[in-house]
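None of these values were measured; they are calculated from a predicted model.
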Amino acid sequence: MINHVWGLLTHPSQELQQIKREGESVRHMYAHHILLMAAIPVICAFIGTTQVGWSFGDGQIIKLAPLTALYFAIIFYVLILAAVVLMGRVIYWMARRYESRPSWQSCTLFAGYAATPMFLAGVVALYPIIWLCLFVGIVALCYSGYLMYLGIPTFLNIDRQEGFIFSGSTFAIGVLVLELLLGLTVLLWGYGSRLL
């Protein structure tokens, strides 16, 4: 698992080719990559919201009770796992018009590994300051888009020019899924702060 994370950050093109050659199953990827990586933002957000609290710049700090934060952490974790499967389905659905017809497994593997920068960005939730979380989130989102641009031709056997268009469309849908996930998280978090 760590090999792929480091490789995706240091030499992404070669690492994406290596991941495709390995031909791992979706179950193996979840067990050795997604379940662990998705825990990073969840655990960091739990610690940040219970120990440090959210700061919105007005001097007020809002913390969640540990039991409330645990409840929301479990929901957040399940939503992240579902978002990876959803993005795999979206990529599979969009790729059906290409001759290569990539498998659902290949599309889901690609979605999971392309989300790696987003998982790593979750570390900033340890110290939840809104501007810091936004900045790191935008950088991670851009790098995930770069991984999509590099990986779609490799994973889906689409030429680079078609891959650029495909990756742009996939990236746009991924941003919508991320916004939905963040919106649900903010709603849950706002509800949790009222329980205090």
**Asked** Do any N or O atoms from the side chain of Ser144 and from the backbone of Ala114 form a donor-acceptor pair under 3.5 angstrom?
**Response** yes

**Request:** Look up atom CD1 in Ile43 and atom OH in Tyr77, then write down how far apart they are to the nearest 0.5 Å.
**Result:** 8.0 Å

**Complete:** What one should report as the nearest heavy-atom pair of Leu150 and Ser13 is CD1-N, 4.0 Å

**Asked** Any side-chain heavy-atom pair from Leu147 and Tyr113 closer than 4.5 angstrom?
**Response** no

**Asked** Shortest non-hydrogen contact from Tyr143 to Leu9?
**Response** OH-O, 3.4 Å

**Prompt:** Should Val177 and Ile75 be counted in the same cluster of Ile, Leu, Val, Met, Phe, Trp and Tyr side chains packed under 4.5 Å apart?
**Reply:** yes

**Message:** Can a donor-acceptor pair be found, under 3.5 Å and without considering hydrogens, that links the side chain of His32 to the backbone of His28?
**Reply:** yes

**Request:** Over all heavy atoms of both residues, which pair between Ala140 and Ala121 is shortest? Give the atoms and the distance, please.
**Result:** CB-CB, 3.5 Å

**Request:** Check the pair Glu22, Gln18 against side-chain hydrogen bond (donor to acceptor under 3.5 Å, both in side chains), reporting the backbone distance first and the verdict last.
**Result:** CA-CA 6 Å; Glu22 289 174 2; Gln18 174 64 31; 3.2 Å; yes

**Message:** Please determine whether residues Val175 and Met94 belong to a single hydrophobic cluster, defined as Ile, Leu, Val, Met, Phe, Trp and Tyr linked transitively by side-chain heavy-atom distances below 4.5 Å.
**Reply:** yes

**Request:** Determine the minimum heavy-atom distance between Pro128 and Gly53, stating which atoms define it.
**Result:** CG-O, 3.4 Å

**Request:** First locate atom CG of Leu35, then atom CG of Leu81, and finally report the distance between them rounded to the nearest 0.5 Å.
**Result:** 6.0 Å

**Item:** Within 6.0 angstrom of Arg21 CZ, more than 12 heavy atoms from elsewhere
**Value:** yes

**Asked** Is there a donor-acceptor pair under 3.5 Å between the side chain of Tyr30 and the backbone N or O of Ser25?
**Response** no

**Prompt:** Does any non-hydrogen side-chain atom of Tyr149 lie less than 4.5 Å from one of Thr170?
**Reply:** no

**Considering all heavy atoms, the nearest Pro66-Phe46 contact** = O-CE1, 3.4 Å

**Asked** Can you tell me how far the CD1 atom of Ile19 sits from the OG1 atom of Thr154, to the nearest 0.5 Å?
**Response** 10.5 Å

**Request:** Drop me the distance from Gln17's CD to Glu15's CD, to the nearest 0.5 angstrom.
**Result:** 10.0 Å

**Message:** Just verifying a value: how many Å separate Phe110 CZ and Lys20 NZ, rounded to the nearest 0.5 Å?
**Reply:** 11.0 Å

**Request:** State the CZ-CE distance between Phe171 and Met87, to the nearest 0.5 angstrom.
**Result:** 10.0 Å

**Asked** Considering residues, nucleotides and ligands other than Leu70, do more than 12 of their heavy atoms fall under 6.0 Å from its CG?
**Response** yes

**Request:** Go through His4 and Glu24 one step at a time and tell me if the side-chain hydrogen bond (donor to acceptor under 3.5 Å, both in side chains) criterion holds.
**Result:** CA-CA 12 Å; His4 289 313; Glu24 71 181 314; 4.7 Å; no

**Flag side-chain contact, heavy atom, 4.5 Å: Phe119 against Val84** = yes

**Prompt:** Hey, does the side chain of Thr108 reach the backbone of Gln105 with a donor-acceptor pair shorter than 3.5 angstrom?
**Reply:** no

**Minimum heavy-atom distance Lys63-Thr50, with the two atoms named** = CD-O, 3.7 Å

